[in-house]
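First up is the structure itself, then whatever we jot down about it.
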Amino acid sequence: MNKFLMLVLSVVIFTSISASAAIYKGQREFVRNCVSCHKAGQSYIATKRKMEWKSYTRAKGKRLKEIHLSSEKAKKSHKYFESKKFSKNTRHLEDFLLEYAKDSGNVPACN
């Protein structure tokens with residue numbers, strides 16, 4: 001009985017960890033898809049507070065998507081924002097943006 005309980009508990013813990021968003025995945029998305037337009041790179045993230053980033057990424061990034069799709073300057077990114085990849089990875093991108101927001105006190109490391 002004890003072994004069974006430990007097995008169930010470990011499965012629950014490992015599945016909940018893998019289901020959550022990952023900051024490094026959000027950073028990868030940002031570098032691959034955002035740096036080309038936002039030349040300031042990761043320092044651009046520190047221009048907005050956590051609440052601002054939350055409002056942009058709410059509802060699978062609906063507002064962020066609308067801003068980019070309505071902008072002629074962001075024409076290069078239209079394909080990305082219309083893809084399933086964006087809606088799938090929005091939670092990772094949100095975690096990354098919140099981690100390094102202006103009011104977070106964190107500074108991204110150079111990798």
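Because the structure is predicted, anything quoted here is derived from the model rather than measured. Atoms considered below: every heavy atom in the structure, side chains included; atoms not considered: hydrogens, waters and symmetry mates. Quick note: residue numbers are just sequence positions, from 1.
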Original post:
Which pairs with one or both residues in residues 58-67 pass side chain to side chain donor-acceptor pair (under 3.5 Å), sequence neighbours excluded?
Top reply: Ser55-Arg63
Original post:
Partners of Phe81 by ring pair (Phe, Tyr, Trp, His ring centres under 6.0 Å), sequence neighbours excluded?
Top reply: His68, Phe86
Subject >> Between CZ on residue Phe96 and CD1 on residue Ile45, distance to nearest 0.5 Å >> reply: 3.5 Å
Original post:
Out of curiosity, does Leu93 fall in the hydrophobic cluster containing Ile67 (side-chain heavy atoms, cut-off under 4.5 Å, transitive links)?
Top reply: yes
Original post:
Hey, any chance Met51 and Leu64 share a hydrophobic cluster, counting ILVMFWY side chains that come within less than 4.5 Å of each other, even indirectly?
Top reply: no
Original post:
Residues in side-chain contact (heavy atoms from CB on, under 4.5 Å) with Lys50, at least two apart?
Top reply: Leu98, Ala101, Asp103, Ser104
Original post:
For Lys48, which residues count as a side-chain contact (heavy atoms from CB on, under 4.5 Å) partner, sequence neighbours excluded?
Top reply: Tyr44, Glu52, Trp53, Tyr56
Original post:
OG1/Thr57 to NE2/His92 distance, rounded to the nearest 0.5 angstrom?
Top reply: 13.0 Å
Subject >> Listed once per pair and sorted, the side chain to side chain donor-acceptor pair (under 3.5 Å) pairs that draw on residues 73-86, sequence neighbours left out >> reply: Glu29-Tyr80
